[in-house]
Amino acid sequence: MDIASASKNPMDPAFSAALPWAQIDTVLFDMDGTLLDLHFDNRFWRELIPDEYALMHAHEPEAARQRLFAEMERIRGRLQWYCLDHWVRFTGLDLLALKQRLAGHIAFQPYATHVLDTLRLQGKRLVLVTNAHPEVFAFKHAHTQIGDHLDQVVSAHTLDCAKEEPCFWERLQRVERHHTGRTLLVDDNLVALGTAREAGVRHLRGMRFPDTRGPALESVEFHLLESLAELLPDRLLHR
C-alpha cells in the first residue's frame, strides 16, 4: 500500500471527515489562513512589502526584491520568518503602518465566528496557537475582535519556538495544559500539523483554501476542510 492510500484510511483520525466530538476537549486554532483569511497576508508580503522595499532602493529595485525574497527563503519556517522586529530591521520599513493600508482586507474565514461560538457553547476550550508576533495579533484583534471568541491566545514568540518545531508543542503544555489525545488542531500550515502529530495531537485538520481567493491546497496526509463549517455537524451548523 502506498503512502497516499495509507493516509486516506478512513480509520485514521487525521484523515477521517467526521470528528468524534465527545472525545475532544480542547481545540487549537491557527490564526492566519485558518480563522482569518490569508488574503490580507498574501497581499502584504507578496505585493506591498516587495513594492515598498524596491521603492526604498529605487537605484536597484530588482536587486532589492531579490534580496528580500532570498531572506524569506532563508528563514522560512523559523521563528524569525514571523518576527515583526526582524523584518523591520531587515527592510527599514514601518510594517505596522503599512499593514494599516491594507486593513480593509482583514477578514474572518467563512463561518469562523459561528464555529467558535458554537464550540464554546458546547464546552470546548478554544486556544489560538499562532506564529504571529504579539503586536500583529493585537493589530488584527483591534480590527476583528478575534480574541473575544477564544479562551486563550498563545504566540510562538512567547514560547521562543515556531509551530514547525517540536519545541513549540512541548512548551505549549507549560502555558496551556491539554490532553493531546483529546485535542484537535486546525491549521493551514501542513508542516505544523505534522509536527503536532509527532507531539501526540490526535485530531488534525488543515484548510483547503487558506486564502479564499487563492488556489486550493492539497495533502495526502491530512483531511483539508473546504470551510470551517465542516467542523460542525449539521444539527449545530444551522442553529
Answer yes or no: is there a side-chain heavy-atom contact under 4.5 Å between M207 and S227?
-> no
Side-chain donor/acceptor of K140 to backbone N/O of I106, under 3.5 Å | no
Are side-chain heavy atoms of L172 and H178 found at a separation under 4.5 Å?
-> yes
Side-chain contact test, heavy atoms from C-beta onward, threshold under 4.5 Å: evaluate it for L98 versus L102 and give yes or no.
-> no
Which is it for T26 and L184 under the side chain to side chain contact (heavy atoms under 4.5 Å, CB included) test, yes or no, and what are the steps along the way?
-> CA-CA 6 Å; T26 301; L184 164 66; over 6 Å; no
Donor-acceptor contact present, side-chain R78 to main-chain R74, <3.5 Å | yes
K163/D187 salt bridge by N-O under 4.0 Å criterion = yes
Does D151 use its side chain to pair, donor to acceptor, with the backbone of L126 at less than 3.5 Å?
-> yes
So, do V27 and V127 sit near enough that their side-chain heavy atoms are less than 4.5 Å apart?
-> no
Quick one: are L35 and D30 in side-chain contact, heavy atoms under 4.5 Å?
-> no
Within a strict 4.5 Å, meaning less than it, do heavy atoms of the V154 and F137 side chains meet?
-> no
Could you walk me through whether F29 and L231 pass the side chain to side chain contact (heavy atoms under 4.5 Å, CB included) check?
-> CA-CA 12 Å; F29 283 102; L231 290 174; 3.9 Å; yes
Does the pair R76/E71 count as a salt bridge with the N-to-O cut at 4.0 Å?
-> no
Shortest non-hydrogen contact from T130 to A132?
-> OG1-N, 2.9 Å
Look up atom CG in L93 and atom NZ in K99, then write down how far apart they are to the nearest 0.5 Å.
-> 12.0 Å
May I have the step-by-step check of side chain to side chain contact (heavy atoms under 4.5 Å, CB included) for R67 and E60, ending in yes or no?
-> CA-CA 11 Å; R67 274 199 309 276; E60 50 164 13; 3.1 Å; yes
Are L55 and Y53 joined in one hydrophobic group, where the rule is that I, L, V, M, F, W and Y side chains link up if heavy atoms are under 4.5 Å apart?
-> no
Separation between CZ (F168) and OG (S155), nearest 0.5 Å, reads 8.0 Å
Is there a donor-acceptor contact under 3.5 Å from the side chain of H179 to the main chain of G181?
-> yes
List the steps, then state whether side chain to side chain contact (heavy atoms under 4.5 Å, CB included) holds for D37 with F209.
-> CA-CA 9 Å; D37 193 337; F209 297 99; over 6 Å; no
With a 4.5 Å limit on heavy-atom distance, are the side chains of D25 and T183 in contact?
-> no
Pair listing, disulfide bond (SG atoms under 2.5 Å apart) test, anchored in residues 98-215, at least two apart = C161-C167
Measure across L190 and S219 and return the closest heavy-atom pair with its distance rounded to 0.1 Å.
-> CD1-CB, 4.2 Å
Would you kindly confirm whether V191 and L38 end up in one hydrophobic cluster when ILVMFWY residues are joined by side chain heavy atoms under 4.5 Å apart?
-> no
About how many Å separate CG of L116 and CZ of F108, when rounded to the nearest 0.5 Å?
-> 7.0 Å
Main-chain N/O of L232 paired with W21 side-chain donor or acceptor, under 3.5 Å | no
How long is the gap from CG on L95 to CD on E52, to the nearest 0.5 Å?
-> 10.5 Å
Can E47 and N42 be counted as having a side-chain donor-acceptor contact under 3.5 angstrom?
-> no
Quick one: closest heavy-atom pair of H203 and I24, and the distance?
-> CD2-CG1, 3.6 Å
How long is the gap from CG on L185 to CZ on R202, to the nearest 0.5 Å?
-> 15.0 Å
Heavy-atom closest contact (R65 atom, A54 atom, distance) | NE-CB, 3.8 Å
Between atom CD of Q80 and atom CD1 of I75, what is the distance when rounded to the nearest 0.5 Å?
-> 5.0 Å
Should W169 and L79 be regarded as members of a common hydrophobic cluster, given that ILVMFWY residues are connected when their side-chain heavy atoms come within less than 4.5 Å of each other, either directly or indirectly?
-> no
Tell me whether Y82 is reachable from L48 by hopping between hydrophobic residues (I, L, V, M, F, W, Y) whose side-chain heavy atoms are closer than 4.5 Å.
-> yes
Expected output: side-chain E165 to main-chain A162 donor-acceptor under 3.5 Å = yes
With no hydrogens and no angle check, do the side chains of R120 and H149 hold a donor and an acceptor under 3.5 Å apart?
-> no
Under 3.5 Å: donor-acceptor pair, side chain of T195, backbone of E164 = yes
Flag the pair P210 / T34 as yes when at least one side-chain heavy-atom distance between them is below 4.5 Å, and no otherwise.
-> no
Would you call E218-R208 a salt bridge at under 4.0 Å N-O?
-> yes
Mind listing the closest non-hydrogen atom pair of P50 and L68 along with its distance?
-> CA-CD2, 3.7 Å
Aromatic rings W87 and W81: how do their planes relate, parallel, tilted or perpendicular, breaks at 30° and 60°?
-> perpendicular
Carefully, step by step, assess H143 and F139 under the rule ring-ring contact (aromatic ring centres under 6.0 Å, His included).
-> CA-CA 7 Å; H143 288 277; F139 171 78; 4.8 Å; yes
Side chain Q145, main chain A142, donor-acceptor under 3.5 Å | yes
Using atom types as modelled and distance alone, determine if a side-chain donor or acceptor of H157 lies under 3.5 Å from a backbone N or O of N131.
-> yes
Are L225 and L119 joined in one hydrophobic group, where the rule is that I, L, V, M, F, W and Y side chains link up if heavy atoms are under 4.5 Å apart?
-> yes
Determine, for E230 against R205, whether the closest basic-nitrogen to carboxylate-oxygen distance falls under 4.0 angstrom.
-> no
Is any side-chain N of the basic residue among E176 and R171 closer than 4.0 Å to the acidic one's carboxylate O?
-> no
Between D211 and R46, is there a side-chain N and carboxylate O pair less than 4.0 Å apart?
-> no
With under 30° as parallel and over 60° as perpendicular, where do the rings of F40 and F44 fit, or are they tilted in between?
-> parallel
